[in-house]
Amino acid sequence: MALKFYNSLTKKKELFTPLHEGRVNMYVCGPTVYDHPHIGHAKSYVSFDVIVRYLRYLGYKVRYVQNITDVGHLTDDADAGEDKIIKRAQRDHVEPAELVETYTRSYFDDMDAINNLRPDISPRATAHIPEQIELVEKLIEKGLAYASGGSVYFDVRKFKEYGKLSGRKQDELEAGARIEINPEKKYPADFALWKKAEPGHIMRWKSPWGEGFPGWHLECSAMSMKYLGATLDIHGGGLENMFPHHECEIAQSESANSVPFVRYWLHNNMVTVNGQKMGKSLGNFITLKDAFKKYHPLTIRFFILNTHYRSPLDFSNEALDAADKGIERLHNTIKHLRARLNFAKDGTTPPDINEKLEHYKKVFMEAMDEDINTSAAIAALFDLSKEVNTLLNSAQEYSKKCWEDIDSLYQQLGGDILGIIPKTFSTGASNEADTLTKVIGVLIDTRCELRKAKQWQLSDFIRNKLMEAGIALDDKPDGTTWKRTK
RNA sequence: GGCGGCUUCGCCAAGUGGACUAAGGCCACGGUUUGCAAAACCGUUACCCUGGGUUCGAAUCCCAGAGCCGCCUCCA
């Protein structure tokens, strides 16, 4: 068994070997925190979370860095774009730092809910301005960047490999119809490393070139270098960032360090909503907070992992409903098995069951090894469940050890690696509350029917027993409400 | 205009040259089980977009066509 990744740089599946044996340095482009996270963020970060989890399961010591972009970036043509963080901050009458704090927390809340492990380091761009300025200076010293009108640009023509990731040719870029002419630039494809702050621009820092702010590709290069070194094992991100963002990162980092920047480039595909592209600029994005109102976070996680990370994912209610039922079936088996475990007797695990467990583990791992084929891995979990359900239904008694072995396998594969199987099912507080509401609703409806039939004894029985349980009923002309008494 | 991708059962989705007479989930229909249900189990459901070609052999490779989509401006 050997892990393989599809490397966007070479466009091939390659055997994964880290630069330093046993250790993996991994960087993933994080969110710009000017709004609540949406399902596109979920797909991206769930995908990379599972990669991190799998690498760790395989025994690698992983350092996972994911930046928080807390400075809004303009397009690299002066005044052509807008700074989204500043714009939002002005709209909401808050400090940019305040806005960014709000949405950073929102981001972590949602990522926690969807069961992503926290990155080891979540560096903020604004906390690394000196590092970014240093990098710019280094590039100027090396003659690869030039200052012009208070800004600094990367001289793309000096980096002959520019375009190697996205498959673009420099002369084609020059002809690109949508690149506006910026007189400060020597060459149209040159990109900003540092931008001069115009008088109204709130977020600004002192620099050797006057007051300004970092260009939008710079932070990833500066921070990955600081925490992971000049060459990363894995760099992940969304497909849409391949050009220009990742291309520019390569240019900056490789020019500065003269070593390869990234060994394995991993790009996840995009989310569509009912077949249409979902994007911040299109305004049709579904926030996770909204999605969580309708679906359990683990359902969304399961739904995401049911598709390969390099395939696009279409978000529709029909597909989510199907996923919801699917994960419920998986969970049901495990709930039953854990219930059985509690009153099983001591003993051993039969060899044939051990063999089966080994078999499904092998199938699962082989799927994961093939560029993290979570879809096939989940299929193995369902196949396993079919067997387990058969055991649960059979008249044969199995030992505590046997059920524990099965549970442990679910814990490893579905829990530790995929993160779709919780350690316990009772802790879902909001879920429990929701169920309680429904259960009381049933009791109230039943009692209502009894009262209509003048079955006072039974209806009072329900009210009194609920009162004992801490639920007080209140009959009003237009219906019955309830509240907790303790 | 340039670059790239996708098209597999009613729906979602793996598989990318040989045990594919195509995984898994959802839905549907039979059956087993059940007091009736539910859950579970068993079974049924695919000429792999079209047309050529390469090959002993193609869903998988090549060419052409149709349809859909992404990137080339910020976006996960």
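Reminder, nothing fancy here: chain letters follow the sequence lines and each chain counts from 1.
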Euclidean distance for P, B:U7 against B:U16 (whole angstrom)
13 Å

Considering only heavy atoms from C-beta outward, does the side chain of A:Tyr153 approach that of A:Lys186 to under 4.5 Å?
no

Given that both distances must come in under 3.5 Å, which nucleotide forms a Watson-Crick or G-U wobble pair with B:A64?
B:U50

Describe the nucleic acid contact of A:Ser47 in one word from base, sugar-phosphate, nothing, applying a heavy-atom distance below 4.0 Å.
nothing

Consider salt bridge (charged side-chain N to carboxylate O under 4.0 Å, His left out). Of A:Lys164, A:Lys158, A:Arg157, which one does A:Glu161 pass it with?
A:Lys164

For A:Tyr34 and B:C74, give me the distance from atom OH to atom P, rounded to whole Å.
12 Å

For B:G70, what is the paired nucleotide under Watson-Crick or G-U wobble rules, both distances under 3.5 Å?
B:C3

When we call it a touch if two heavy atoms are under 4.0 Å apart, what does A:Asn241 touch: a base, just sugar-phosphate, or nothing?
sugar-phosphate

For A:Arg53, is there an ion pair with A:Asp49 - N to carboxylate O distance below 4.0 angstrom?
yes

Integer angstrom distance from the C1' of B:C36 to that of B:C48
43 Å

Heavy atoms under 4.0 Å, any strand shown: does A:Lys43 hit a base, just sugar-phosphate, or nothing?
nothing

Would you call A:Val33 and A:Leu99 a side-chain contact if the rule is heavy atoms closer than 4.5 Å?
no

Can you tell me the base-pairing partner of B:A14? Count Watson-Crick or G-U wobble geometry only, both distances below 3.5 Å, and say none if there is no partner.
none

A:His308 has its side chain closest, among B:A76, B:C41, B:A14, to B:A14

Are any of A:Asn389's side-chain N or O atoms less than 4.0 Å away from OP1 or OP2 of B:C41?
yes

With a 6.0 Å cut-off on the ring centroids, do A:His235 and A:Tyr264 count as close?
no

Looking at the angle O4'-C1'-N9-C4 for a purine or O4'-C1'-N1-C2 for a pyrimidine, is B:A23 syn or anti, with syn meaning within 90° of 0?
anti

Could you tell me whether A:Ser375 contacts a base, only the sugar-phosphate backbone, or nothing, with contacts defined as non-hydrogen atoms closer than 4.0 Å?
base

Provide, to the nearest angstrom, the distance between the NE2 atom belonging to A:His336 and the C1' atom belonging to B:C41.
14 Å

Separation of the C1' atoms in B:G18 and B:G1, to the nearest angstrom:
43 Å

With heavy atoms under 4.0 Å as the rule, sort A:Gly238 into base, sugar-phosphate or nothing.
sugar-phosphate

To the nearest Å, how far apart are A:Leu288 CG and B:A76 P?
12 Å

Is it true that the NZ or CZ of A:Arg118 lies under 6.0 Å from the centre of A:Phe108's six-membered ring and within 45 degrees of the ring axis?
yes

What integer number of Å spans the P atoms of B:C20 and B:A58?
15 Å

Under 4.0 Å between any heavy atoms, over every strand shown, what does A:Val28 touch: base, sugar-phosphate, or nothing? Just pick one.
nothing

From the candidates B:A76, B:A40, B:G24, the one with an atom nearest any side-chain atom of A:Met278 is B:A76

Does B:C72 have its OP1 or OP2 closer than 4.0 Å to a side-chain nitrogen or oxygen of A:Arg168?
no

As a test of reading the structure: which of B:G24, B:A14, B:C75 is closest to the side chain of A:Glu240, going by heavy atoms?
B:C75

Can you tell me, in whole Å, how much space there is between the P of B:A64 and that of B:C27?
43 Å

Under a 3.5 Å limit on both distances, the Watson-Crick or wobble mate of B:G30 is B:C42

Base, sugar-phosphate, or nothing: which does A:His245 touch, judged by heavy atoms less than 4.0 Å apart?
nothing

Between A:Leu413 (CG) and B:G24 (P), how many Å, whole number?
18 Å

Tell me what A:Pro244 touches on the nucleic acid: a base, only sugar-phosphate, or nothing, going by heavy atoms under 4.0 Å.
sugar-phosphate

Heavy-atom nearest nucleotide on RNA chain B for A:Gly237 versus A:Gln276: which residue maps closer to 5'?
A:Gln276

Presence of A:Ser311 side-chain N/O under 4.0 Å of B:A14 phosphate oxygens OP1/OP2:
yes

I want to check a possible cation-pi pair here: A:Arg310 against A:Tyr6, using under 6.0 Å from ring centre and within 45° of the ring axis as the test.
yes

Please give the nucleotide sitting opposite B:A19 as a Watson-Crick or G-U wobble pair, both distances under 3.5 Å, or none.
none

Check whether any side-chain nitrogen or oxygen of A:Lys277 sits under 4.0 Å from OP1 or OP2 of B:C71, and answer yes or no.
yes

Would one find a side-chain N or O of A:Asn373 under 4.0 angstrom from OP1 or OP2 of B:G15?
yes

By nearest heavy atom, map A:Ala376 and A:Lys386 onto RNA chain B; which one lands nearer the 5' end?
A:Ala376

Nearest 0.5 angstrom please: A:Lys43 NZ to A:Leu305 CG, how far?
9.0 Å

Does B:C74 have its OP1 or OP2 closer than 4.0 Å to a side-chain nitrogen or oxygen of A:Arg88?
no

Sticking with atom P, work out how far B:G51 lies from B:C56, rounded to a whole angstrom.
23 Å

Roughly how many Å apart are B:A59 and B:C71, using the C1' atom of each and rounding to a whole number?
27 Å

The side chain of A:Asn306 lies closest to which of these nucleotides: B:G24, B:A14, B:C75?
B:G24

Partner nucleotide of B:G57 by Watson-Crick or wobble geometry (both distances under 3.5 Å):
none

What is the nucleic acid contact for A:Tyr45, judged by heavy atoms within less than 4.0 Å: base, sugar-phosphate only, or nothing?
sugar-phosphate

Say we look at B:G17 and B:C61: how far apart would their P atoms be, to the nearest angstrom?
7 Å

Considering only side-chain heavy atoms of A:Ala322, which listed nucleotide, B:A23, B:A76, B:C26, is closest?
B:C26

When you check the phosphate oxygens OP1 and OP2 of B:G24, does a side-chain N or O of A:Arg329 lie under 4.0 Å from one of them?
no

Taking the six-membered ring for Trp, is the centroid-to-centroid distance between A:Tyr107 and A:Tyr45 below 6.0 Å?
yes

Counting side-chain heavy atoms from CB outward, which of B:C71, B:A40, B:G24 is closest to A:Asp383?
B:G24

